[in-house]
Structures are given as C-alpha cells and as structure tokens.
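Encoded as structure tokens, the structure appears first; notes follow it.
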Amino acid sequence: MLFLCSCTKNEQKGNIKTITFSENEKLNINDYISYKFIPLETSNQCFISSIKQVKIIDNNIFINNDGNNLLVFDISGKFITQIGNKGNGPGEYRLISNFHIDKNKGIITIADGGQARIIDYKLENYEHIKTQKIFYFIDCCWLSDGNIAWYFVGGYKTTNENRYFIKITNRDLKELKLLYPIDYDLQYPISAGSHFYTLNKKCYLNLPHIPIIYEVTASEISPVYQINLGTHKFAPEEWMEREARKNYSAIVNTDYISAQNIKETNDYISIGYCAKGANAYIGFLNKKTEQSCRYSLPEFIRQTGLTGTGIIINTFGDYFITTLNSSVLKRNSNSKIPELKSICETINEEDNPIICLIKPNL
C-alpha cells in the first residue's frame with residue numbers, strides 16, 4: 001500500500017541513550033542464542049497467509065493473519081478458534097491494524113483500520129460486545145492508564161491546521177492530546193513492522209525512517225534511544241526534505257537505511273532493518289553489558305539454521321518472536337538445530353508458519 005505521510009524535526013525533549021549495534025559477523029551467533037519452536041496447526045479453518053502480529057498471553061497465541069482475521073491457538077500450536085469474521089456487519093472487520101487484550105476487564109479489542117472502528121469481544125468466549133466508529137488511523141497502542149495512542153501517517157489536525165502524528169484518547173475515544181508535530185510531507189513510506197511496542201506497561205513509538213525511539217504517555221512523547229548502525233546511516237534531514245517529499249521509496253536506490261524496527265525485552269534490544277536497497281539486517285544488543293552483534297539476514301540464517309525467518313514481530317518474556325516459513329524451511333531442511341530438523345521431517349510446504357522464540361545470551 002502507498003500512503004502520504006509526514007515527517008517532523010526532532011523537537012521533543014528528554015534524556016536519550018545511544019544504542020550501537022556493531023557489525024560482528026565473526027561472532028558465531030548460534031553459540032549465543034537459544035530457541036523454542038511452535039508449529040501451528042494447519043487446516044481450512046486456520047490457514048495463515050502472513051503473520052502481521054502475534055501475542056502470547058496465558059498460554060494462548062493470538063495471531064493477526066495479514067489483517068484478514070484474528071486466530072487463536074494454544075501454546076502447543078493447536079487451533080482453538082477465530083475471533084469475529086471479515087465483513088461490514090456488527091462484530092465484523094475489514095482490516096485488522098492491531099488488537100489489545102485487557103485481562104482485568106475480560107475484553108479483547110480489534111482495531112479495524114479498514115473501516116475506522118474498534119470492536120470489543122468477551123475474552124472468555126469471544127462473543128461480540130460492541131462496535132464503535134472512530135477516526136482514521138494506521139496503528140494504535142493501549143497505554144497502561146487505559147488511554148489509547150493512535151498513529152496516522154497523514155497526521156491529526158488542530159483547529160489552526162497544525163498536524164500531529166499521535167492522537168491520545170481515553171477509552172471512550174474522547175481526544176485528550178495531540179503529540180509529535182509534523183513539519184513536512186513524506187510520500188510512500190516503507191514499513192518494517194508495527195509502529196508501537198510495549199515493555200513493562202510502557203508504550204514506545206518506532207517510526208521506520210527515523211533513528212529515534214520515543215516513549216509515549218497520555219501527556220507527552222519523550223526520546224529514549226538514538227540508534228547507531230555504524231556504516232549504515234539514516235538519511236540526513238536535508239535529503240528527506242529535498243527528496244522524500246516527492247517519493248520516499250526512492251531511498252531504496254541509495255545507501256541509506258530505508259526502514260527499521262525495534263523490539264525490546266528487559267535485557268535485550270533487537271533491530272531489523274533494510275539498507276542499501278532491499279538488503280535486510282538483524283541485530284541484538286545486551287542492555288546491561290552493551291555487547292551487540294549485527295548480521296545481514298542471509299548470514300544470520302546461515303549461522304543459525306533458521307531458514308525461512310523474517311523480522312522480529314514481538315516479544316514473550318525473555319524471548320523475541322519471529323516466524324519460519326514452512327515452504328522455505330521444507331525445501332532447505334538440513335538444519336543444524338536438532339529440534340528444527342525434526343520439525344522439518346513432519347511439516348509440508350503448504351503448512352502454516354512456525355512460531356520461533358529466540359533468546360540471546362551475549
């Protein structure tokens with residue numbers, strides 16, 4: 001999908017730490033990483049085209065299947081049910097942008113970006129509760145105080161026509177605050193995953209074309225991390241203002257980083273990004289020792305044996321969550337990981353992706 005969005009100068013205040021992912025392909029990452037694998041059941045009821053988001057809560061795996069439906073599996077990968085249906089009626093959705101699980105209230109909420117509405121279901125049996133029409137958005141994140149942060153590439157306007165990336169509302173969708181002012185338009189951005197992630201009940205904003213990670217609260221947005229990727233550089237502001245206004249996707253023809261995405265656990269930070277065209281890279285950083293590693297994705301796959309892997313999608317405890325494509329894995333089944341090699345012997349190319357949990361130990 002092609003969007004018109006906008007970019008802003010870094011005007012936010014706060015303490016910021018530089019996180020450096022060093023290129024270290026001499027380090028055999030397979031000696032410093034452990035895995036868990038969860039093959040997902042495959043049937044006509046739960047066929048997955050692409051995993052957009054995954055959350056593991058109370059031994060259930062909730063999967064946003066490419067925005068088309070929300071599927072539930074148990075922790076062993078056995079299919080349980082689908083929540084709601086695709087459509088335009090009550091309790092139905094067109095394009096799932098994100099979803100949120102409130103265990104205290106017993107509610108699971110789907111944010112339907114296709115129809116600009118949110119849909120509540122009972123967590124105990126997934127029955128539809130209510131549907132609310134809202135404004136346009138691309139992504140969202142529920143804050144620990146019950147408020148919601150909404151992100152829209154075109155920005156949210158004030159009465160004097162100023163625009164902001166982030167709108168904060170309460171649970172009843174009443175606007176509370178606009179955050180992150182926009183200075184100039186950016187056409188056709190490239191996405192590298194969700195724009196938000198959470199850790200310890202805190203919400204973080206991760207824009208793919210900016211080397212800054214922000215913490216978002218109901219009242220302010222504060223920079224937390226500055227990303228340093230060595231010889232791989234983000235486009236300078238003058239390039240963005242000159243070229244990105246016309247066509248940001250032209251960045252793939254440069255040496256600049258075109259998109260990045262951060263995920264974080266208590267001890268580690270992971271990054272996935274593209275640079276020098278569509279070349280993909282992955283890295284991990286120990287937050288305590290600041291030891292890090294960074295690999296091209298083909299080299300990471302070669303060292304680990306995680307054939308068919310992609311970007312990090314989310315976290316679960318101390319683990320980072322990614323997926324393995326069954327078709328690619330089956331055609332390259334000589335894995336150096338015994339557990340994965342055993343899985344390769346039983347899966348088919350048409351099977352659903354395999355959930356892969358990665359735990360670094362740098």
Side-chain angles (χ1 to χ4, degrees), residues 1-14 52-53 55 64 67 93-102 105 107-120 130-189 191-199 201-210 212-224 244 248 261-262:
M1 296 178 67
L2 301 181
F3 299 101
L4 170 67
C5 81
S6 306
C7 188
T8 181
K9 296 177 182 176
N10 179 21
E11 297 179 348
Q12 289 71 31
K13 306 298 182 182
K52 185 177 180 181
Q53 290 149 345
K55 299 178 184 180
N64 178 357
Y93 40 78
R94 186 182 299 168
L95 179 65
I96 301 173
S97 297
N98 209 332
F99 63 96
H100 173 70
I101 297 173
D102 189 327
K105 294 184 177 181
I107 295 173
I108 181 167
T109 303
I110 288 178
D112 179 7
Q115 299 180 103
R117 58 190 193 178
I118 59 173
I119 310 163
D120 290 337
K130 66 178 179 178
T131 298
Q132 294 174 272
K133 186 71 178 176
I134 59 174
F135 39 79
Y136 288 111
F137 67 96
I138 294 297
D139 206 347
C140 57
C141 184
W142 275 254
L143 307 180
S144 60
D145 58 8
N147 296 314
I148 310 172
W150 304 90
Y151 167 77
F152 182 50
V153 290
Y156 297 104
K157 291 183 179 181
T158 63
T159 54
N160 59 4
E161 297 298 310
N162 292 330
R163 291 179 299 159
Y164 293 79
F165 271 134
I166 303 297
K167 176 187 286 192
I168 304 295
T169 72
N170 61 18
R171 187 62 179 82
D172 295 325
L173 305 178
K174 179 182 177 181
E175 182 180 311
L176 302 178
K177 190 97 173 181
L178 295 178
L179 302 171
Y180 207 131
I182 295 170
D183 288 340
Y184 58 87
D185 288 332
L186 173 73
Q187 286 192 329
Y188 312 139
S191 177
S194 297
H195 297 84
F196 295 101
Y197 72 87
T198 58
L199 176 66
K201 298 184 178 181
K202 293 182 179 181
C203 170
Y204 298 90
L205 177 66
N206 189 154
L207 297 184
H209 58 283
I210 294 176
I212 307 285
I213 306 301
Y214 297 92
E215 181 183 349
V216 181
T217 69
S219 59
E220 64 181 358
I221 180 168
S222 304
V224 177
Y248 178 78
N261 194 266
I262 289 285

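Everything numeric in this text was worked out from a predicted model, so none of it was measured.
For NZ of Lys201, the number of neighbouring non-hydrogen atoms (other residues, nucleotides, ligands) closer than 6.0 Å is 12 at most.
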Item to check | Pair Phe196-Leu205, side chain to side chain contact (heavy atoms under 4.5 Å, CB included): steps then yes or no | outcome: CA-CA 5 Å; Phe196 295 101; Leu205 177 66; 3.8 Å; yes

Next on the checklist: For a side chain to side chain contact (heavy atoms under 4.5 Å, CB included) check, start with the C-alpha distance between Lys177 and Tyr164, then their side-chain angles and the critical distance, and finish with the verdict.
Outcome noted: CA-CA 10 Å; Lys177 190 97 173 181; Tyr164 293 79; over 6 Å; no

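Between Lys157 and Arg163, some side-chain heavy-atom pair lies under the 4.5 Å cut-off. Counting heavy atoms from C-beta outward, Tyr180 and Leu207 have side chains that approach closer than 4.5 Å. Within the 4.5 Å cutoff, no side-chain heavy atoms of Glu220 are placed close to those of Ile168. Residues His195 and Ile138 meet the side-chain proximity criterion, which asks for heavy atoms closer than 4.5 Å. Side-chain contact between Lys167 and Leu178 is present, with heavy atoms from C-beta onward closer than 4.5 Å.
When each of Thr109, Asp102, Ile108 is paired with Lys105, the side-chain contact (heavy atoms from CB on, under 4.5 Å) condition holds for Asp102 and for no other.
Using cut-offs of 30° and 60° on the angle between ring planes, the pair His100 and Trp142 is parallel.
Between the side chain of Lys202 and the main chain of Ser144, no donor-acceptor pair closer than 3.5 Å is present. Asn64 places a side-chain N or O within donor-acceptor distance of the main-chain N or O of Ile96, the cut-off being under 3.5 Å. Of the possible polar contacts, one joining the Asn170 side chain to the Asp172 backbone as a donor-acceptor pair under 3.5 Å is found.
Contact record, Leu143 with Cys203: CD2-CB, 3.5 Å, taken as the closest heavy-atom pair. In terms of heavy-atom proximity, Leu173 sits nearest to Ile118 at CD2-CD1, 4.0 Å. What you find for Asn98 and Cys140 is that their closest heavy atoms are ND2-O, 3.0 Å. The two residues Ile166 and Ala149 make their nearest non-hydrogen contact at CG2-CB, 4.3 Å. The minimum heavy-atom distance linking Ser194 with Gln53 is given by the pair OG-NE2, 3.7 Å. Here the shortest heavy-atom pairing between Arg117 and Thr131 reads CD-CG2, 3.6 Å.
With sequence neighbours excluded, the residues forming a ring pair (Phe, Tyr, Trp, His ring centres under 6.0 Å) with Tyr156 are Phe135, Phe152, listed by chain and number. For Phe137, the ring pair (Phe, Tyr, Trp, His ring centres under 6.0 Å) partners are Trp150, not counting sequence neighbours.
Between the SG atom in Cys141 and the OH atom in Tyr151 there is a gap of 14.0 Å [rounded to 0.5 Å]. Annotation: the span from Ser97 atom OG to Asp112 atom CG amounts to 7.0 Å, rounded to 0.5 Å. Considering CD1 of Ile221 and OH of Tyr214, their distance stands at 6.5 Å, rounded to 0.5 Å. For the atom pair NZ (Lys174) and OG1 (Thr169), the distance works out to 11.5 Å, reported to the nearest 0.5 Å.
Between the side chains of Asn160 and Asn162, at least one donor-acceptor pair of N or O atoms lies under 3.5 Å.
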